[in-house]
Number of protein chains: 2
Amino acid sequence: MLNNRGYLSEKTIKKVHDAMESLNYQPNAVARQLYKKETKLVGLIFPTVDNPFFGQLVAELEKRLFDAGFKVLIGNSMNDPEKEETYLKELISNQVDGLIVGAQNKDISEYHTSNLPVVAIDRVMNEDIPVIASDNYMGGKLATELLINSGAKHIISTHGPINLKTPANRRVEAYADVMASYNLVPHTYIVDFSWDFEKKRQAIEAMFSKYPEMDGIFATNDMDAALVWQTATKLGYNIPDDLKIVGYDGSNITRVLLPELTTIVQPVELMAERAVTTLISRIKGDDTPLEQIIPVKVWRGESV
Amino acid sequence: MLNNRGYLSEKTIKKVHDAMESLNYQPNAVARQLYKKETKLVGLIFPTVDNPFFGQLVAELEKRLFDAGFKVLIGNSMNDPEKEETYLKELISNQVDGLIVGAQNKDISEYHTSNLPVVAIDRVMNEDIPVIASDNYMGGKLATELLINSGAKHIISTHGPINLKTPANRRVEAYADVMASYNLVPHTYIVDFSWDFEKKRQAIEAMFSKYPEMDGIFATNDMDAALVWQTATKLGYNIPDDLKIVGYDGSNITRVLLPELTTIVQPVELMAERAVTTLISRIKGDDTPLEQIIPVKVWRGESV
DNA sequence: GTGAAAGCGCTAACAT
DNA sequence: ATGTTAGCGCTTTCAC
C-alpha cells in the first residue's frame, strides 16, 4: 500500500493506520526475509547461559546486537558437540546473517564450509574466522605473579581439556613461563568445564590429596575457584594464609556474590562490543582484524 | 526433489546426497516458514540473562524447547518497557509460534491483542494467559519463620516496586501475615530490580540507617541478599549473630558462589518444564491450567 | 505518480 | 508414480 511512496492524503494515511491497528497488523518479517535474503538475525552459540561469565557475555552481545537492529537466536551447546552441530545447521538453515560462537567444542566442519560471517570469542576456529579474546597470556602471568608475590611456592593451575584449541590455553602457558622464571615447578590439573558441580568437587578434592603441599591455586574460572575455596575451607585450610587462590573471569555476578575472590577480570563489555562490530563489518563484507586481544584487569579480593 | 516420496533407487539417493554435501545445501527454513505459517521459533522475553536466576531459567527453557524442536529467539528487556514492547512486536513480526515471558514491566497491550500463545513466569498478565510461579506465599512464610525462629524480632522485607502485578508480591504478604501472627511489626523496603549494583548498595546502606535496630532481613532475591550481607559486614555486623539474612531464588550459581546464604529455592527446572509443556499445549490449541504453583524448598546456609 | 506482476525457496495439491 | 503449478507475504521492477 503506502509505506514507501510519499504522496497520499493525511486522511488516507490515518485511515490505513487505524485499519492497521484495528486489524492488529504486523508486517510479516518472514516474507520480507525470504525476498531480501537478509534476516537481521544473529545466532549465538555458547555453552550455557547458566554461568556468570557466559550469561554476562550473552547479555552484552544481545544488547549491542539489538541496538544494531539484530535479533538474537540463541543456542546453548552445553559442551555437546552434537548439539552444537545441530544448532549450527539449524541456524544456517534459518538464514541468520551471522554467528558469534564461544562454544568449547572440537572442530566442526560446517563452520568452514558455509561462508557465513562468523566471529569467535575465546576460541580458535580456523584461519579466516576472527577471534576476540582477553589477553590470556597477560592474565595468566598476572595471576601467577600475584600468587608468587604473596609467598606461594607450590602452585597448581587448573585448566580445561588440553586438546581444545582455545586462546585460554595461553593462561597456562604464561603460568608455566612465570613459574619457570622463578625456578618453581609448574603443575597443571584438569577440571573440565563440562563437568557438573559434583564431579568438579570430587576432582578438586582429589587435587588436594594429590598435592598436599599445595599453597596456591590459579583456577581457570571463578566458579572453579569458588569450589576450590569451599573444599579448602572444608579441609581446614585458611584462605589466604594456608592457601592462596586466584580465579579468572571476574564477571558482574561473581564480583557481587564472591567479592573476596581475587581474580583476573575479562573485559566482557569490550569483548562483546568488538565481537559485534567485527561481525557487522564481516556482514557488510569489510575486512576485519583476525585477532583482537583485549587487556585484562586484576580484581583484588582477599584470597591472595 | 526427493525428500518425501518413497521410491527412487539407492544410487539416485546417494547422488543427491552427495550433491547436497558438495553444494553445501541447507534447506531454507525461511521459505518453509512462509509457506507453513509455522516457524518452530519461540520468543523468550526476560529482564536479563546476566543474573543467576534468569540465566538458569533461560538455560533450562532453552534446553527443553530445543528438545521439543523449537529454536529460541531471546529478548532481554532490561526492565525497559519500551524495549519489551519493541521486542514483542518484532517477535510477533517474526512469526514466533509462542512466547514465554518473565519480564518485570507494566502492562503492554500487545500481549492481549495478539492471539499468540503466551506463557508467563512469575508475572500476572491477564486472565487468559497461564502463569507459572513458585509458591511465593509459602516461600515468604518459610523465610519469615526461619528468621523469627532463630530469634530475630526487627525484621525487614525487601521487595520490588509494589505497583507491579507479580505473584512475587505474595512473598511480602506472607511475611506480613507471619509477622502479625507473632505480634511483630512488618517493615518493607524497596530495592528495585532494575537498579544497578551501586544504586542498590546505596539503598541498602540507607536501610541500615533507617532501621538501626534491624536484626533480620528477608531479601526478595539472592543478589540483594548478598549486597545486604556485604553492607552488614562493612558496618561491623556479625552474620548471623547480629543480623540474620534469608534470600530468595537459590539458583545454581548462588549455591556455588555463596552457599552460606540461607535462601528459598525456586524449583527452576520444574518451572521451566511446566512453562514449556504449557506453551506447547497452547500452541496445539489445547486447554491448560491458568495457574501453576510449584513448591519451594529451603537451602540451609549459615546466615540465619 | 500509480498499478501490476514477478519472484524469493519452499510445500501441497493437482495433473499427467 | 512422477512432473507441474500455485501460493505463503513481502519487495522491487517494470509498465502505464
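Just so it is clear: chains get the letters A, B, ... in the order the sequence lines come, proteins before strands, and each one is counted from 1.
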Quick check for you: among [options], whose closest atom lies nearest to any side-chain atom of [X]?
X       : options               : value
A:Tyr25 : C:dC8, D:dC10, D:dG9  : D:dC10
A:Ala31 : C:dG9, C:dA12, D:dC10 : D:dC10
A:Pro27 : C:dC8, D:dG9, D:dC10  : D:dC10

Could you check how far [atom1] of [X] sits from [atom2] of [N], rounded to whole Å?
X       : N      : atom1 : atom2 : result
B:Leu34 : D:dC10 : CG    : C1'   : 8 Å
A:Tyr35 : D:dT13 : OH    : P     : 6 Å
B:Glu38 : C:dG9  : CD    : P     : 21 Å
A:Lys36 : D:dG9  : NZ    : C1'   : 14 Å
A:Gln33 : C:dG9  : CD    : P     : 14 Å

* Is atom CG of B:Asp128 surrounded by more than 12 heavy atoms (other residues, nucleotides or ligands) closer than 6.0 Å? ->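 Enclosed: over 12 neighbouring heavy atoms sit under 6.0 Å from CG of B:Asp128.
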* Just wondering, are more than 12 heavy atoms of other shown residues or ligands nearer than 6.0 Å to CG in A:Asn115? -> no
* Distance below 4.0 Å between A:Lys37 side-chain N/O and C:dG9 OP1 or OP2 -> yes
* Scan side-chain atoms only and decide if A:Gln266 and A:Ser134 contain a donor-acceptor pair under the 3.5 Å cut-off. =>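 Note: A:Gln266 and A:Ser134 side chains meet the donor-acceptor criterion.
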Acceptor/donor pairs from residues 36-47 of chain B side chains to any protein atom, 3.5 angstrom cut, sequence neighbours excluded:
residue : atom : partner : partner atom : Å
B:Thr39 : OG1  : B:Leu41 : N            : 3.3
B:Thr39 : OG1  : B:Gln95 : O            : 2.7
B:Thr39 : OG1  : B:Asp97 : OD1          : 3.3

